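As structure tokens, the structure follows; a few thoughts come after it.
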Number of protein chains: 2
Amino acid sequence: MQMDERKRKILRAIVQDYIATAEPIGSRTIARKFDLGVSPATIRNEMADLEDLGYIEQPHTSAGRIPSDAGYRYFVDCLMDPQVLNDEEKEIIERESTKRIQQIQEVISHTSKLLSELTNLTSIVLGPHKAKSAFGKMHFLPYQPGQVIMVIVKENGVVENHIVDVGENITAEELQKVAGVFNQKMRGYSLDHVKRSLLHEIYSELSRQRHLIDNTLDMLSTILDDSEEEDRVYLGGTLNILNQPEFKDLSKVKTLFKVFEENEPLKKLLHPNQEGLNVTIGGENTLKEFQDCSVISANYKVNGITIGAVGVLGPTRMDYAKAIAIVDFMTRSLTEVLTRRRR
Amino acid sequence: MQMDERKRKILRAIVQDYIATAEPIGSRTIARKFDLGVSPATIRNEMADLEDLGYIEQPHTSAGRIPSDAGYRYFVDCLMDPQVLNDEEKEIIERESTKRIQQIQEVISHTSKLLSELTNLTSIVLGPHKAKSAFGKMHFLPYQPGQVIMVIVKENGVVENHIVDVGENITAEELQKVAGVFNQKMRGYSLDHVKRSLLHEIYSELSRQRHLIDNTLDMLSTILDDSEEEDRVYLGGTLNILNQPEFKDLSKVKTLFKVFEENEPLKKLLHPNQEGLNVTIGGENTLKEFQDCSVISANYKVNGITIGAVGVLGPTRMDYAKAIAIVDFMTRSLTEVLTRRRR
DNA sequence: GTTAGCACTCTCCTTCAATGAGTGCTAACA
DNA sequence: TGTTAGCACTCATTGAAGGAGAGTGCTAAC
């Protein structure tokens, strides 16, 4: 059995209606709502075929049909009219992107908020990859006796500050020397690379100033441990899923929210290593908690290098056309903003 | 009608049992579970009195009694056995407080997490008050052409960095001068005070270097706008409330979580301006969303000055003795840690 | 003052039947 | 041969009815 034009029309009608109403749809309703020029009986026959093909299913005998994961997949791949954002939405995103923003983290968190507001879904944004981001420059500033502020500027523009213990008798000049060594040896290298290859070199360089080495050990581990830390995941609009009828069951909400508290599974959802825009539908998700959810995700870049990912998460019954359009536009905008920042 | 010893015993029994089971409790059950030496009938008579006094109420005629807000209040004020933490709990908190912590923000967020874990309630922690925190010192570091990193050290130990536009032709010496003026004029004063009283003085000082003033204006507004920003509120264990039977209704959860997304109402809950430990029960909360919740809150200090507040939020049916003990111990520990950091 | 006994109330649970939406099948039709 | 009308059938949902159970307040006896 093959898909023909009429089957496609009917499948599209089912998916669109189910996305809009969240109610199973029957043959009579399709005939009434969508002008296909055939009677409910004919539609019934076609629906039986579509069910055989695995594109739709029946919650129970006397209910209408709903799309299966495969049905959504077919819809996304073949049936969907690609959508472009309306001017209002574009303007909102663009207004946001022209704001004077100080730090990359702020850009990311705004993005997350905006995504969830525009889609009415839950947004997941993966911040810049710490261990992979290149070390830029290091500075020391006085803090209080025995401690200094270590300011680290990454090449992607992120600025971090750490407070480190140095002991009371280290001098400003000595700190200068330490910073000099770090800056000279590590500039442009990712922290991953430092840890794997450069540690020895830095030590041997510093060991000429024997009494410095204990302190610098601490500093290095501060920097590197920090890079070990989870890359931050920004969530937005988690409450939006409470509006979806598929989550009127509290226990579902609970398991989902529990996963939201952990970073690792969320990262996985975004396929941060896959290029381009990805649509993952229902059971295609590897995590069982998300098997009735779909995820639209895409990467953002700085200077052509992928540094993070954004996505939206919602029930499989989501408005794919709109969500895809928004995620797509958003990653482009984000890539542009971040690249612009670096001049 | 007066409270006598037996009435107190019965009220205590009702509150304790209801806290443990979340089920209305009847006279027969009280007689069975608690060894009061009287029959259910006697207890019934006393319960009728307690209801007249407003300490307990009946959800409906044929159900047992549950404590009213006034009942909880009486329990907390007069009946409760004050609890001390067990060694395990103490150890957990103390282990946390001896960790090497870099920044005050981390201490606060750990506190929030710990509070919610120990109490199984939702924790709310109000970070250090920005506008009221005193300016300490300012430094400039190079960033990229036309922008510099402005590092600000508050007197409470908080370190912030901002990126500011300065135009391409400002020199390092000029920045030094600007920092000098800021440091000299603002040190030790709260940003509130700077905004109210010192702005003029700083401008007139800087106007000697005419061409600097535009840039410094920007910097000042960066600092001061930031102080306008919401003081951050840290929430922990929001999912814990989903385990409470009183929140099995999704719409309740939704309204509550909606409030969680805003800072202002949460701050109000903590009574950050009230000294000592506060217990706010049910209807005593001014926000209608929280009228079936109770809040235990207390202030923490640095060097004797209140700079923030912590609290736990749960259903009125919470384990007050335990929650109070934990919040109390936690604020003391936090105060101690933060004071120690400053040496 | 305390207690046993009892009628009464009200929620909760189960059962049962009616309703209605939707289907698949068959036979008639173009 | 594809389309349609008609019809019997299925099954979730709704609401009513009735019984069980928990708990109360009142009365009378101790």
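Throughout, protein chains are lettered first and strands after them, A, B, ... in sequence-line order, and every chain is numbered starting at 1. Predicted, not measured: the structure shown is a model, and the values here were computed from it.
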Task: Pairs involving residues 318-327 of chain B, ordered by first then second residue, that meet side-chain hydrogen bond (donor to acceptor under 3.5 Å, both in side chains) (sequence neighbours left out) - done: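 Matches after skipping sequence neighbours: B:Ser294-B:Tyr320.
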Open item on the list: Please list all pairs meeting side-chain hydrogen bond (donor to acceptor under 3.5 Å, both in side chains) that have one or both residues in residues 116-126 of chain A, counting only residues at least two apart or in different chains.
Closed with: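 Residue pairs with at least one partner in residues 116-126 of chain A: A:Ser112-A:Ser123.
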For [X] and [N], what is the distance between atoms [atom1] and [atom2] respectively, to the nearest whole Å?
X	N	atom1	atom2	value
A:Asn45	D:dG2	CG	C1'	10 Å
A:Arg44	D:dG6	CZ	P	12 Å
A:Glu51	C:dG22	CD	P	15 Å
A:Gln58	C:dG22	CD	C1'	8 Å
B:Ile56	D:dT24	CD1	P	9 Å

TODO: Determine, for nucleotides 8-21 of chain D in 5'-to-3' order, which nucleotides have protein heavy atoms under 4.0 Å from the base (write B), from only the sugar-phosphate (write S), or from neither (write -).
DONE: --BBS---------
Open item on the list: Enumerate the ring-ring contact (aromatic ring centres under 6.0 Å, His included) contacts for residues 22-58 of chain A, please, sequence neighbours excluded, ordered by first and then second residue.
Closed with: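 Those involving residues 22-58 of chain A are A:Tyr55-A:Tyr74.
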- [ ] Take the C1' atoms of the five end pairs on each side of the helix from C:dG1-D:dC30 to C:dA30-D:dT1, get both axes, and report the angle to 10 degrees.
- [x]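 Inter-axis angle at the termini of the helix from C:dG1-D:dC30 to C:dA30-D:dT1: 20°.
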TODO: Could you list the residues that satisfy side chain to side chain contact (heavy atoms under 4.5 Å, CB included) with B:Asp249, not counting sequence neighbours?
DONE: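 Side chain to side chain contact (heavy atoms under 4.5 Å, CB included) list for B:Asp249, sorted by chain: B:Ser251, B:Lys252.
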Task: Residue list, side chain to side chain contact (heavy atoms under 4.5 Å, CB included) with B:Gln2, at least two apart or on another chain - done: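 B:Gln2: no side chain to side chain contact (heavy atoms under 4.5 Å, CB included) contacts found.
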TODO: Tell me, yes or no, whether the heavy-atom count around A:Lys9 atom NZ, taken from other residues, nucleotides or ligands under 6.0 Å, exceeds 12.
DONE: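 Not buried by this count: 12 neighbours or fewer within 6.0 Å.
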- [ ] Please check if atom CZ in B:Arg28 has more than 12 non-hydrogen atoms from other residues, nucleotides or ligands closer than 6.0 Å.
- [x]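 Not buried by this count: 12 neighbours or fewer within 6.0 Å.
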- [ ] Could I get the full list of side-chain hydrogen bond (donor to acceptor under 3.5 Å, both in side chains) partners for B:Glu51, not counting sequence neighbours?
- [x]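 Applying side-chain hydrogen bond (donor to acceptor under 3.5 Å, both in side chains) to B:Glu51 gives B:Arg65.
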Task: Partners passing side-chain hydrogen bond (donor to acceptor under 3.5 Å, both in side chains) against B:Arg332 (at least two apart in sequence or in another chain) - done: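 Scan of B:Arg332 (side-chain hydrogen bond (donor to acceptor under 3.5 Å, both in side chains), adjacent residues dropped) gives B:Asp328.
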- [ ] Identify, with sequence neighbours excluded, every residue that meets ring-ring contact (aromatic ring centres under 6.0 Å, His included) alongside A:Phe260.
- [x]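 Counting only residues at least two positions away or on another chain, A:Phe260 forms a ring-ring contact (aromatic ring centres under 6.0 Å, His included) with A:Phe257.
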Task: DNA chain D contacts among residues 8-43 of chain B, heavy-atom distance under 4.0 Å - done: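 The stretch gives B:Gly26, B:Ser27, B:Thr29 as the residues lying under 4.0 Å from the strand, ordered by number.
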Open item on the list: Looking at A:Arg65 and C:dG24, is any side-chain donor or acceptor paired with a base atom of the opposite kind under 3.5 Å?
Closed with: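 Looking at the base of C:dG24, it does not pair with any donor or acceptor on the side chain of A:Arg65 (distance under 3.5 Å).
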Task: Partner residues of A:Arg73 under the salt bridge (Lys or Arg N to Asp or Glu O under 4.0 Å) criterion, sequence neighbours left out - done: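 Once residues adjacent in sequence are excluded, the partners of A:Arg73 under the salt bridge (Lys or Arg N to Asp or Glu O under 4.0 Å) criterion are A:Asp77, A:Glu284.
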